[in-house]
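Let me begin by presenting the structure, written as structure tokens, before commenting on it.
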Amino acid sequence: SPLDQINRDTVSELGEVWRLPLPPGNNNPTPLIHDGVMFFYTFPDTVLAIDAGAGTVLWRYTYVSSIPSTRKMGIALHENKIIVPTSDMRMLALNAQTGELIWNQPIDTQLEVVRDFAAYDLRAAPLIAGDKIIQGVVGSFVSTGAFIVALDAETGEEAWRFQTLARPGEPGG
């Protein structure tokens, strides 16, 4: 876009159109905007759909996690679904128009604990590649390391997994 309406002469005329306070907590999300709707993932495991022009909340979905809410980094859009990584290692698909839950799929960690505080976490926004949802999984103090998982966008079922550390018997293991 040439952005010819905003330039050095007109930038001083910009002003606030609307604001929406976020709940206090660990917020660091990137908004996702599509067809005039801003989707925002905020603390604690809450997705907001906001009219981007008016700032009006269209719908709100709050997932009740079995663990304390972690940092919110982002969500993804696939067709009519908002894809949401949760604090307790689940991936959700919400209807983008209504906020209704389409599917809720756990990500199997097969956790091997090295220390009492070993944990996996979904810190990044999911990436959509064709009909797959690609999600990096961080492993803190987990001896088997982190991994990358692909889920089927229609069902949420795991399609494949890539271990980021070579296993015994594998090249580099």
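No experiment lies behind these values; they were computed from the predicted model shown.
Looking at R19, its side chain never comes within 3.5 Å of a backbone N or O of G55 through a donor-acceptor pair. Under a 3.5 Å cut-off, the side chain of W59 and the backbone N or O of E100 do not form any donor-acceptor pair. Not one N or O on the side chain of D121 forms a donor-acceptor pair closer than 3.5 Å with the backbone of R123. Judged purely by atom type and a 3.5 angstrom limit, T164 uses its side chain to pair as donor or acceptor with the backbone of A146. Side-chain N or O atoms of T62 include none that pairs as donor or acceptor with a backbone N or O of P44 at under 3.5 Å.
Expressed to the nearest 0.5 Å, how far CE of M38 lies from CG of D51 amounts to 10.0 Å. R161 CZ to F147 CZ: the interatomic distance, rounded to the nearest 0.5 Å, is 4.0 Å. Put simply, CG on D45 and OG on S87 are 3.5 Å apart, with the number rounded to the nearest 0.5 Å.
Residue H78 comes nearest to G130 through the heavy atom pair NE2-O, 3.4 Å, listed as atom of the first residue, atom of the second, then distance. Counting all heavy atoms, side chain and backbone alike, K81 lies closest to E154 at NZ-OE2, 3.2 Å. Nearest approach of L101 to W103, heavy atoms of both residues: CD1-O, 3.2 Å. When all heavy atoms are compared, the tightest approach of V37 to F39 is CG1-CZ, 3.5 Å. For the residue pair L77 and I128, the shortest heavy atom distance occurs at O-CG1, 3.6 Å. The heavy-atom pair separating G74 from P85 by the smallest distance is O-CD, 3.6 Å.
Hydrophobic clustering (ILVMFWY, side-chain heavy atoms < 4.5 Å, transitive): Y41 and L32 are in one cluster. A continuous path of Ile, Leu, Val, Met, Phe, Trp and Tyr side chains, each step under 4.5 Å between heavy atoms, connects L92 with L58, placing both in one hydrophobic cluster. I83 and I107 fall within the same hydrophobic cluster, defined by Ile, Leu, Val, Met, Phe, Trp and Tyr side-chain heavy atoms under 4.5 Å apart, directly or through other members. Cluster membership check: W160 does not share its hydrophobic cluster with V137, using side-chain heavy-atom separations under 4.5 Å among Ile, Leu, Val, Met, Phe, Trp and Tyr. Hydrophobic clustering of Ile, Leu, Val, Met, Phe, Trp and Tyr side chains at less than 4.5 Å, counting indirect connections, keeps F40 apart from V47.
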Practice item. Any chance you could lay out the side chain to side chain contact (heavy atoms under 4.5 Å, CB included) test for T46 and Y61, step after step, and finish with the verdict? Key: CA-CA 6 Å; T46 299; Y61 180 90; over 6 Å; no

Review point. After noting the C-alpha distance and the side-chain angles of I102 and L94, does the key distance pass the side chain to side chain contact (heavy atoms under 4.5 Å, CB included) rule?
Key: CA-CA 5 Å; I102 297 172; L94 304 177; 6.0 Å; no

Check your understanding: Under the side chain to side chain contact (heavy atoms under 4.5 Å, CB included) criterion, do L48 and L20 qualify, and how do the steps go?
Key -> CA-CA 11 Å; L48 301 172; L20 184 69; 4.2 Å; yes

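Annotation: side chain of P126 is in contact with side chain of M91 (closest heavy-atom distance under 4.5 Å).
Around CZ of R60, the count of heavy atoms belonging to other residues, nucleotides or ligands within 6.0 Å does not exceed 12.
When each of K132, Q135, E158 is tested with L151 by the rule side chain to side chain contact (heavy atoms under 4.5 Å, CB included), just one qualifies, namely E158. No option in T86, D88, N104 other than D88 meets the side chain to side chain donor-acceptor pair (under 3.5 Å) test with Y63.
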